[in-house]
Amino acid sequence: MHFLVPAPIDIARALRETTQFWTDWAARSQYQGPYRGAVERSLITLKAMTYRPSGGIVAAVTTSLPERLGGSLNWDYRFCWIRDATLTLSALLDAGYTEEVIAWKTWLIRAIGPDASQVQIMYDIRGERNLAKTEIEWLPGYQGAAPVRVGNAAHKQTQQDIYGETASALYLAREGGIALEPHELELQGALTEHLAKIWQEPGSGMWEERNHPERFTFSGVMSWLALDRAVKSIEQHGMSGPLEAWKKLRDVVRADVLEHGFNASLDSFVRHYGSTRLDASALLLPIFGFLPADDARMRGTLPAVERELLRDGLLLRNLPLSSKAKQGAFLACSFWLVEIYTMLGRIDDATRLFEKLLSLANDVGLLSEEDDTKAGRLTGNLPQAFSHIALVHAAVRVAHSQR
């Protein structure tokens with residue numbers, strides 16, 4: 001198709017308008033706590049990762065920047081993960097932004113379509129489903145790290161935690177006074193019905209286990225959250241659904257997690273049922289309200305996670321089974337640790353860790369997915385929404401503790 005040559009851009013005018021847009025947008029933030037500059041930088045980054053024509057929110061804007069320097073853990077994150085997007089929305093809501101939430105809800109309804117059983121963990125920015133992975137062999141990769149990938153095969157995975165994060169985001173939006181989108185409650189109800197059928201199935205978990213599906217502890221926790229928010233949506237927002245059945249199932253799921261996700265011999269929650277491996281995602285249990293931070297099981301889990309996963313003051317996601325899979329410290333996990341310290345009243349510990357994390361940002365305040373503590377540099381795709389989301393949530397938690 002022939003396209004007309006566009007008119008020349010008035011560069012000076014475009015610069016003024018762009019500067020004015022971001023100045024006005026940032027000024028609408030309602031965040032008044034400490035570290036305002038870092039929070040504002042993160043909120044701007046998250047806003048810039050939204051796609052205005054559709055409302056989609058990408059997890060990163062780059063591909064194939066390696067998690068391990070010189071390695072092959074090079075993924076394409078230029079897609080809309082449901083998990084990352086819902087957490088982005090909660091960070092924006094914390095600062096009083098709503099238009100992005102409204103746009104994303106419309107994107108979600110359109111992307112999932114009429115059959116909730118066909119939901120994917122990610123879509124492209126237009127809501128399309130085919131994210132087939134290819135490798136570009138003629139590109140050498142960042143500092144020789146190959147292959148360079150386009151697309152992401154993880155879109156075919158089952159990750160039950162997305163149901164909880166979606167239900168939580170929709171519920172928070174309603175609690176924040178955002179009007180219901182057409183078919184929103186219908187979609188949430190359909191997703192809950194589907195989850196009720198598959199919550200016991202093995203999945204890939206939030207870290208996208210590619211070879212060994214398991215009953216991941218965090219997936220169980222978020223299945224509980226999806227059912228809890230469904231129950232509350234029926235009771236408070238008029239959603240249709242089998243209230244008593246979902247109440248009972250919510251209790252069953254919670255009991256299942258407590259029985260199988262906690263290893264008494266380790267005095268800690270573990271990565272998946274029957275495992276002895278620890279995982280930083282256990283820190284999210286209090287953050288999502290599954291257990292209080294001072295619950296005896298969490299008081300055992302926290303020091304266990306610290307002993308096994310802390311490296312140079314930062315947290316790994318978990319210990320890899322192979323040296324080839326060795327990764328850096330996952331920045332979001334360390335921000336979760338800031339939240340837990342704050343919830344336990346360990347404000348000095350929280351402050352020290354938070355400021356250490358802020359010091360890792362590059363010269364324009366951006367964070368990637370991980371930090372190579374030995375090389376002293378950021379690794380993985382940059383900017384990474386997950387890291388900036390966790391920064392905002394940690395800052396809000398610290399701010400609330402000072403009130």
Side-chain angles (χ1 to χ4, degrees), residues 18 22 38 41-88 91-92 100 104 107 120-128 130-155 157 206-208 210 317 325-335 357 360-372 375-392:
T18 299
W22 286 109
R41 168 72 268 187
S42 290
L43 291 169
I44 288 172
T45 302
L46 295 174
K47 169 64 173 177
M49 297 170 80
T50 65
Y51 184 57
R52 179 178 287 182
S54 70
I57 305 173
V58 297
V61 296
T62 54
T63 181
S64 302
L65 296 181
E67 297 179 30
R68 182 182 181 187
L69 298 173
S72 61
L73 299 177
N74 314 331
W75 312 117
D76 189 352
Y77 283 176
R78 300 170 299 168
F79 300 109
C80 303
W81 266 257
I82 288 183
R83 175 192 309 106
D84 298 52
T86 56
L87 296 175
T88 296
L92 291 169
E100 294 79 12
W104 178 81
W107 173 90
Q120 295 184 177
I121 68 167
M122 70 175 89
Y123 301 84
D124 82 353
I125 55 175
R126 295 172 296 274
E128 295 180 7
N130 186 7
L131 313 180
K133 182 184 70 175
T134 59
E135 297 179 359
I136 306 178
E137 297 179 355
W138 52 270
L139 283 176
Y142 178 76
Q143 295 187 355
V148 173
R149 293 183 170 96
V150 174
N152 199 309
H155 75 279
Q157 293 182 355
M206 71 181 302
W207 305 132
E208 299 176 9
R210 294 171 184 261
R317 287 185 285 194
K326 185 178 179 181
Q327 303 168 31
F330 201 82
L331 297 181
C333 299
S334 296
F335 282 115
L357 288 162
L360 302 177
N362 69 9
D363 58 326
V364 290
L366 298 180
L367 292 169
S368 67
E369 182 179 24
E370 299 177 16
D371 184 82
D372 186 327
R377 58 169 295 177
L378 298 171
T379 55
N381 286 302
L382 181 144
Q384 183 80 9
F386 218 20
S387 299
H388 287 281
I389 293 163
L391 185 157
V392 174

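Bear in mind the structure is a predicted one, so any value in this text is a computation, not a measurement. FYI, the numbering just counts along the sequence from 1.
For Arg210, the CZ atom sits in a packed shell: over 12 heavy atoms of surrounding residues, nucleotides or ligands are nearer than 6.0 Å.
The backbone N or O of Ile57 lies less than 3.5 Å from no partner atom in the side chain of Thr50, so there is not a single donor-acceptor pair. In this structure, the side chain of Asp124 engages the main chain of Glu128 through a donor-acceptor pair within 3.5 Å. Between the Arg78 side chain and the Val58 main chain, no donor and acceptor come within less than 3.5 Å of each other. Panel note: side chain His388, backbone Leu367; a donor-acceptor pair is recorded below 3.5 Å. Of the possible donor and acceptor atoms, one in the side chain of Ser368 sits under 3.5 Å from a partner among the backbone N and O of Thr379. Counting only distance, with no hydrogens or angles, the side chain of Asn152 and the backbone of Asp76 share a donor-acceptor pair below 3.5 Å. Ser54 contributes no side-chain N or O that, together with a main-chain N or O of Trp107, makes up a donor-acceptor pair within less than 3.5 Å.
A distance of 8.5 Å separates CZ of Arg83 from CE of Met122, quoted to the nearest 0.5 Å. The line from CD1 of Ile389 to CG of Leu92 is 8.5 Å long, rounded to the nearest 0.5 Å. To the nearest 0.5 Å, the span separating CD on Gln384 from OG1 on Thr45 amounts to 12.0 Å. In this structure, OG1 in Thr86 is found 13.5 Å from CH2 in Trp81, a value given to the nearest 0.5 Å. One distance of note links CG of Leu87 with CD1 of Ile82; it measures 11.5 Å at 0.5 Å rounding. Between Gln120 atom CD and Phe79 atom CZ the span is 11.0 Å, to the nearest 0.5 Å.
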- request: Decide yes or no on side-chain contact (heavy atoms from CB on, under 4.5 Å) for Trp22 and Ile44, but give the supporting numbers first.
  value: CA-CA 8 Å; Trp22 286 109; Ile44 288 172; 3.8 Å; yes
- request: Decide ring-ring contact (aromatic ring centres under 6.0 Å, His included) for Phe330 and Trp207; before the verdict, give the C-alpha distance in whole Å, the side-chain angles of both, and the deciding distance to 0.1 Å.
  value: CA-CA 11 Å; Phe330 201 82; Trp207 305 132; 5.0 Å; yes
task: Let me see the working for Val61 and Met49 under side-chain contact (heavy atoms from CB on, under 4.5 Å), right down to the final yes or no.
output: CA-CA 7 Å; Val61 296; Met49 297 170 80; 4.3 Å; yes
field: Residue pair Arg317, Glu370: steps toward the salt bridge (charged side-chain N to carboxylate O under 4.0 Å, His left out) verdict
entry: CA-CA 10 Å; Arg317 287 185 285 194; Glu370 299 177 16; 3.6 Å; yes
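Contact record, Pro66 with Gly71: CB-O, 4.4 Å, taken as the closest heavy-atom pair. Nearest heavy atoms, Leu391 versus Ala38: CD2-O, 3.9 Å. Of all heavy-atom pairs spanning Gly141 and Val148, the tightest one is CA-CG2, 3.6 Å. Nearest heavy atom pair, residue Trp104 against residue Ala85, reads NE1-CB, 3.4 Å. Residues Arg377 and Leu69 share a closest heavy-atom pair of CD-CD1, 3.5 Å. In this structure, Asn74 and Arg149 approach most closely via the heavy-atom pair O-NH1, 2.9 Å.
Ile136 is not listed as a side-chain neighbour of Pro147, based on a closest heavy-atom distance of 4.5 Å or more.
Side chain to side chain, Thr62 and Asn381 meet the donor-acceptor criterion of an N or O pair below 3.5 Å. Using modelled atom types, one finds no donor on one side chain facing an acceptor on the other under 3.5 Å when comparing Trp75 with Glu208.
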